Amino acid sequence: MTVPSHLFTPPPRQYSSPKRGRTPGQVRPEDGNRGDNPTTMPLNAGGTGYGSVAAPGLSASVTGSETASLLVSDLEPEQQWRPMSKEDLELSAGGPGWRRVRCYLVVFFWLAWLAMLAIAVAIIVTSPRPVPARLGWWQKSLFFQLQTGPRPMESGAIDALCEQLPYLKSLGISTLILKGLFEQSASLVNTTGIGQWSGTLPQIQHLFSESDKAGLKVVLDVCGVQLFEPQDDVKQHVFRFWLGEGVAGFLICDTDEAYSEETLLTWRHIMEGFNKDEERIIVVKQTADLLPPPRGSTQDQLNITLVHVVMRSVLPASPHPLSADEVATAIESHLTTPEHTWLGWQVGGKAPYDLKKLLLVLIMTLPGTPALQYEELDPTQSVSQHDGSLQGANNSDSSASDFHAAKVKLRHSFAALLTSLSHIRAREEALLFGSLTFLPFNTSSSTNSTPSPILAFLRSWGCVHFLVLLNIGPEPHALDTAWAPSLPEAGVFVSSSGVERLGAVTLKTLVLHPREAVVIKLFEPGSYS
């Protein structure tokens, strides 16, 4: 049904309050086109659009002439934000009881942390740990023996020796033992006691000065020299003279008359006045299998502690090179250390060159002070006499340059091994004053079922362990899986007398080459100590 337009009366128009400065009905010039005049038809009266709504049941022509108001009856009131009160916070957190629970948890955490800290400190304090021993300079040194006689000293010999001092220091040598400086057939009757062939006093003083610059100490070998004189003051004057020149000590033999308790006490008394900077030492060279007690001391009053170092040779004196079995027997019989005696180890004897390298590893890893001789530092002088490595090169058709190159290579190989061992020994406490444990050794030969002489021992200090293995026999050997099951299976090579070995190793796969000595630092799996 359509309602006639003349029967429809539009609702009265709602006008907003007049703006300030204007009265109702007043029209400004600029309002001519804006439709602000209440008598003027609005611009959008002819159509529907935003702000206009058609009444239901009315035609577009009727509804388009007026604009209906947009009414929203269910609008929500505007939300107002405000901070939460203490009660609201406690309610959201679960109530006031949770605050006490959190406080208890924080207190419990800190108490537990302090308890664990106290337990850790208690474990560290009460756990047994090795106490580092106070070592004298001679206990940390590497001795090197030089022969200065009996042939006449050449004019440039001492100068040549002085030029070699920095090289000796680079090898790890820290103490020189000068042998032949005194005449063995003559007594110390002059002021210095120097033999007629051993150079002049200014030359010796220059050697001492250069040694001090290079950081090397000097010990005088007076073994076999007649030290007793009718006047004791003459003897004491000679020793005081050399101690005043900076000599670090004297070496005597256990067969000398000076090896008596009375003489050792006299020397101790003389040296006390020169021990302000560093202690001077007395070294006794052992010539017998067992070190006899000093003369004048009974068995109940044995006083070996008067001697600082006892020099002992690993190999006995022999006119011919020792075999592998003889070397193994000599090692086992000479490794017993008397109580309260500090040993200085020498290779001694005659042995093939490869066994000399093996014995170098031995004396550098045993407890005590290693001592080398000039022939051992320069093995090319004696190796060709009983070893075919250089002798074959000399008799072959190769040129002299090849023979010289072989000698240089041999010398460098020995020097490199010595340098490696001396530097490792200087920085590892286990090799300086660690405990010594001999290990039972079971091997399986790769070529024959008869095991060769093999030595194994352990140097331990705290949690650090060094395993030293020496295969003296001519056959390669692998370790038995049942050998020393308590030892860690993993380790790293530290040094080797044979082929160069580097990197990690497991004892199950280790095979020792003939006449080879290896030093292995053991560690637990996952440890990097």
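What you see is a predicted model; the values in this text were computed from it and never measured. Heavy atoms only: backbone and side chains are in, while hydrogens, waters and symmetry mates are out.
L362 is not listed as a side-chain neighbour of V347, based on a closest heavy-atom distance of 4.5 Å or more. Put simply, the side chain of L178 does not reach to within 4.5 Å of the side chain of V219, judged on heavy atoms. When side chains are defined from C-beta on, P292 counts as touching D254, because their heavy atoms get closer than 4.5 Å. Counting heavy atoms from C-beta on, the side chains of E429 and V464 never come closer than 4.5 Å. W267 is not listed as a side-chain neighbour of E272, based on a closest heavy-atom distance of 4.5 Å or more. K357 is listed as a side-chain neighbour of S413, based on a closest heavy-atom distance under 4.5 Å.
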What pairs of donor and acceptor atoms, side-chain ones from residues 279-286 against any protein atom, are under 3.5 angstrom apart with sequence neighbours left out?
| unit_1 | atom_1 | unit_2 | atom_2 | d |
| --- | --- | --- | --- | --- |
| E279 | OE2 | H308 | NE2 | 3.1 |
| R280 | NE | F274 | O | 3.2 |
| R280 | NH1 | L243 | O | 3.0 |
| R280 | NH1 | V247 | O | 2.7 |
| R280 | NH2 | F274 | O | 3.4 |
| Q286 | OE1 | R312 | NE | 3.1 |
| Q286 | OE1 | R312 | NH2 | 3.4 |
| Q286 | NE2 | A288 | O | 2.9 |
| Q286 | NE2 | D289 | O | 2.8 |

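The only option from L522, V494, T365 that meets the side-chain contact (heavy atoms from CB on, under 4.5 Å) definition with F466 turns out to be V494. Screening L421, I363, L418 for a side-chain contact (heavy atoms from CB on, under 4.5 Å) with L142, the sole residue that qualifies is L418.
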Exercise. Evaluate the side chain to side chain contact (heavy atoms under 4.5 Å, CB included) criterion for residues V218 and W242: first the C-alpha distance (whole Å), next the side-chain angles of each, then the deciding distance (0.1 Å), finally the verdict.
Key: CA-CA 10 Å; V218 177; W242 288 110; over 6 Å; no
Practice problem: In sequence, state the C-alpha distance, the side-chain angles, and the governing distance for L455 and V468, and then conclude on side chain to side chain contact (heavy atoms under 4.5 Å, CB included). | Solution: CA-CA 8 Å; L455 177 68; V468 183; over 6 Å; no
Self-check item: Test side chain to side chain contact (heavy atoms under 4.5 Å, CB included) applied to L359 and I331, step by step
Solution: CA-CA 9 Å; L359 294 174; I331 291 176; 3.7 Å; yes
Practice problem: Would you please test T263 and S260 for side-chain hydrogen bond (donor to acceptor under 3.5 Å, both in side chains) and show each step? | Solution: CA-CA 5 Å; T263 306; S260 64; 2.9 Å; yes
Self-check item: Worked verdict on T437 versus L439 for side chain to side chain contact (heavy atoms under 4.5 Å, CB included)
Solution: CA-CA 6 Å; T437 305; L439 302 175; 4.2 Å; yes
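Using a distance-only test at 3.5 Å, with no hydrogens or angles considered, no donor-acceptor pair links the side chain of S209 to the main chain of H206. Checked by atom type and distance alone, the side chain of S422 pairs as donor or acceptor with a backbone atom of L171 at under 3.5 Å. With hydrogens and angles ignored, the 3.5 Å screen pairs no side-chain donor or acceptor of Y259 with any backbone N or O of L264. The backbone N or O of N471 lies less than 3.5 Å from no partner atom in the side chain of R515, so there is not a single donor-acceptor pair. K521 contributes no side-chain N or O that, together with a main-chain N or O of F493, makes up a donor-acceptor pair within less than 3.5 Å. Judged purely by atom type and a 3.5 angstrom limit, E163 has no side-chain atom pairing as donor or acceptor with the backbone of A160. Judged purely by atom type and a 3.5 angstrom limit, S495 has no side-chain atom pairing as donor or acceptor with the backbone of V519. Looking only at distances, a side-chain donor or acceptor of D256 sits under 3.5 Å from a matching main-chain atom of G224.
Contact between L507 and P488 at its shortest, heavy atoms only, is CD1-O, 3.5 Å. The minimum heavy-atom distance between R425 and S141, with the atom names listed, is NH1-O, 3.6 Å. Heavy atoms only, all atoms of each residue included: A426 and L432 are closest at O-CD1, 4.0 Å. Nearest heavy atom pair, residue L470 against residue F457, reads CD1-CE2, 3.9 Å. Of all heavy-atom pairs spanning L161 and L146, the tightest one is CD1-CD1, 3.4 Å. When all heavy atoms of A478 and V511 are compared, the closest pair comes out as CB-CG2, 4.0 Å.
Within the model, atoms CH2 of W345 and OG of S313 stand 10.0 Å from one another, a figure rounded to the nearest 0.5 Å. Within the model, atoms CZ of R268 and CG of L306 stand 6.0 Å from one another, a figure rounded to the nearest 0.5 Å. Atoms CD1 and CD1, from I124 and I119 in turn, are 12.5 Å apart once rounded to the nearest 0.5 Å. In this structure, CD1 on I173 lies 8.5 Å from OG1 on T419, to the nearest 0.5 angstrom. Taken to the nearest 0.5 Å, the CZ atom of F239 stands 10.0 Å off from the OG1 atom of T266. Taken from CG in L512 to CD1 in I454, the straight-line distance is 6.0 Å, to the nearest 0.5 Å.
For T506 and T509, the side-chain atoms include at least one donor-acceptor pair closer than 3.5 Å. Remark: the W342 side chain and the T369 side chain contain an N/O donor-acceptor pair separated by less than 3.5 Å. Side chain to side chain, S174 and K140 fail the donor-acceptor criterion of an N or O pair below 3.5 Å.
Partners of C162 by disulfide bond (SG atoms under 2.5 Å apart), not counting sequence neighbours: none found. Under the side chain to side chain contact (heavy atoms under 4.5 Å, CB included) criterion, P316 pairs with L322, A330, sequence neighbours left out. S460 is linked by a side-chain hydrogen bond (donor to acceptor under 3.5 Å, both in side chains) to H465, counting only residues two or more places apart in sequence or in another chain. With sequence neighbours excluded, the residues satisfying side-chain hydrogen bond (donor to acceptor under 3.5 Å, both in side chains) with R501 are H513, E516. Applying the side-chain hydrogen bond (donor to acceptor under 3.5 Å, both in side chains) rule to S211 yields no partners; only residues at least two apart in sequence or on another chain are considered.
Below 30°, between 30° and 60°, or above 60°: for F143 and W137 the angle between ring planes is between 30° and 60°, a tilted geometry.
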